[in-house]
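Have a look at the structure below before the remarks.
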Amino acid sequence: MSTPPMTPPKKLTSQSIVALKQGAQKIVAITAYDYTFAKLVDELVDIVLVGDSLGMVIQGDCNTLSVTLEDVIYHCRAVSRAISHAHLVADMPFMTYQTGAGDAIRNAGRLLASGKAEAVKLEGGVAVCKIVEQMVQFGIPVMGHVGLTPQSVHAFGGYKIQGRDERARNSILQDAIALEEAGVYAMVLEGMPTELAKAITERISVPTIGIGAGVFCDGQVLVSQDLLGMSPDFQPRFVKKYANFAETVKSAVGQFAEEVRSGMFPDEQHSF
Ligand code: KIV
């Protein structure tokens, strides 16, 4: 008897991500910035995000503000070539959408057309909801992002947990409601108390994806470099390191260097 062919997992879309809110399984999201990594994780997760975190983990900047639309298009296009299962989302960089609906639609259009993203993510709530509404009307799936929104780092005076007092809690809740009414299909909740993320998750009908926002969100996202332990000096409380890639890379490259210097590599097996 022959083994039946394996059915590949189905392609996830913004619609299937919305449907996951009703299911028992949490949504799993991870960032990716290149083809090789995206190929490894495509079938393991529900969402691959080409985040503007690339300004920090790829470009080595101290925040995300200098990332350009061209940067995200470049990385997203590379990632898209590896994606056959996960839902692919691209971040809209700082000031590519805040300046008005025209800019937002044009720039999101480029992320979808040239970057091959299937949806865009942008930061902010009440302040951007009119813009989001128009983007959605033009057929652009938009993922929201509220709480500790990294593009507002200077306004926050650093990367600080948001929503600590009653007023701030209410303001973030209003942001989430405004985004839902504007038509987002999902929303990242970043850097906020667990109870606030729980209240938002219960209040809105679209899935919430948390980062530093506790266990009650409909899903979780982490920056790939963080969860793989690639930056030994970066250990915020919300990051769990599932591997120690820093040590693995240093040990492998150290061994390569040693073998090249001693003449051990290449040996006969690796020569022609
Ligand atoms: O830029 C990014 O990677 C993000 C996630 C951390 C949510 O926005």
Side-chain angles (χ1 to χ4, degrees), residues 17 26-34 37-38 41 45-69 71-76 78-79 86-98 107-108 111 115 117-125 128 132 141-153 156 159-162 172 175-176 179 184-192 197 200-201 206-214 217-228 230-231 234-242:
I17 297 301
K26 296 266 189 181
I27 298 166
V28 182
I30 191 173
T31 64
Y33 318 95
D34 70 84
F37 184 78
V41 301
V45 300
D46 303 307
I47 298 175
V48 168
L49 169 68
V50 182
D52 61 357
S53 49
L54 72 86
M56 300 166 90
V57 298
I58 302 293
Q59 298 172 336
D61 229 319
C62 61
N63 58 47
T64 61
L65 303 185
S66 56
V67 174
T68 67
L69 193 68
D71 292 336
V72 180
I73 290 173
Y74 172 86
H75 287 280
C76 195
V79 168
H87 171 56
L88 178 58
V89 183
D91 248 342
M92 295 201 72
F94 183 53
M95 288 303 147
T96 61
Y97 57 95
Q98 293 94 333
N107 291 328
L111 288 168
E118 295 157 358
V120 297
K121 177 169 80 59
L122 51 76
E123 300 181 7
V128 293
V132 170
V142 180
M143 179 182 284
H145 186 161
V146 300
L148 199 187
T149 43
Q151 292 177 9
S152 300
V153 59
F156 294 149
Y159 295 103
K160 297 174 183 164
I161 297 299
Q162 301 297 302
I172 295 173
D175 281 338
L179 283 177
V184 299
Y185 72 97
M187 195 178 307
V188 169
L189 307 182
E190 178 163 357
M192 66 180 70
I200 295 173
T201 302
V206 296
T208 60
I209 300 163
I211 172 163
C217 299
D218 298 305
Q220 297 291 326
V221 60
L222 280 177
V223 169
S224 46
Q225 274 77 354
D226 295 347
L227 83 87
L228 293 174
M230 293 181 80
S231 318
F234 186 63
Q235 188 53 77
R237 180 161 154 187
F238 65 87
V239 170
K240 180 168 178 184
K241 293 188 178 177
Y242 289 86

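Whatever order the structure lists ligands and atoms in, that order sets their numbers, starting from 1. Not measured: the values here are computed from a predicted model.
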TODO: For E190, check salt bridge (charged side-chain N to carboxylate O under 4.0 Å, His left out) against everything at least two apart and list the hits.
DONE: none

- [ ] Could you list the residues that satisfy salt bridge (charged side-chain N to carboxylate O under 4.0 Å, His left out) with D175, not counting sequence neighbours?
- [x]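 Checked D175 against salt bridge (charged side-chain N to carboxylate O under 4.0 Å, His left out); zero matches.
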
Task: Other residues, nucleotides, ligands: >12 heavy atoms within 6.0 Å of F238 CZ - done: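 Check passes, neighbour count above 12.
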
Which protein N or O atoms sit under 3.5 Å from any N or O of ligand 1? Give atom names and distances.
unit_1, atom_1, unit_2, atom_2, d
ligand 1, 1 (O), D52, N, 3.2
ligand 1, 1 (O), D52, OD1, 3.0
ligand 1, 1 (O), S53, N, 3.0
ligand 1, 1 (O), S53, OG, 3.3
ligand 1, 1 (O), D91, OD2, 3.0
ligand 1, 3 (O), S53, OG, 2.5
ligand 1, 8 (O), K121, NZ, 2.8

Open item on the list: Counting C-beta onward and ignoring hydrogens, is there a side-chain heavy-atom pair between F94 and T64 closer than 4.5 Å?
Closed with: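 F94 vs T64: side chains apart.
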
Task: Heavy-atom side-chain contact between I47 and V28 under 4.5 Å - done: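 No, their side chains stay 4.5 Å or more apart.
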
Open item on the list: Restricting to ring pair (Phe, Tyr, Trp, His ring centres under 6.0 Å), what partner residues turn up for H87, sequence neighbours left out?
Closed with: Y185

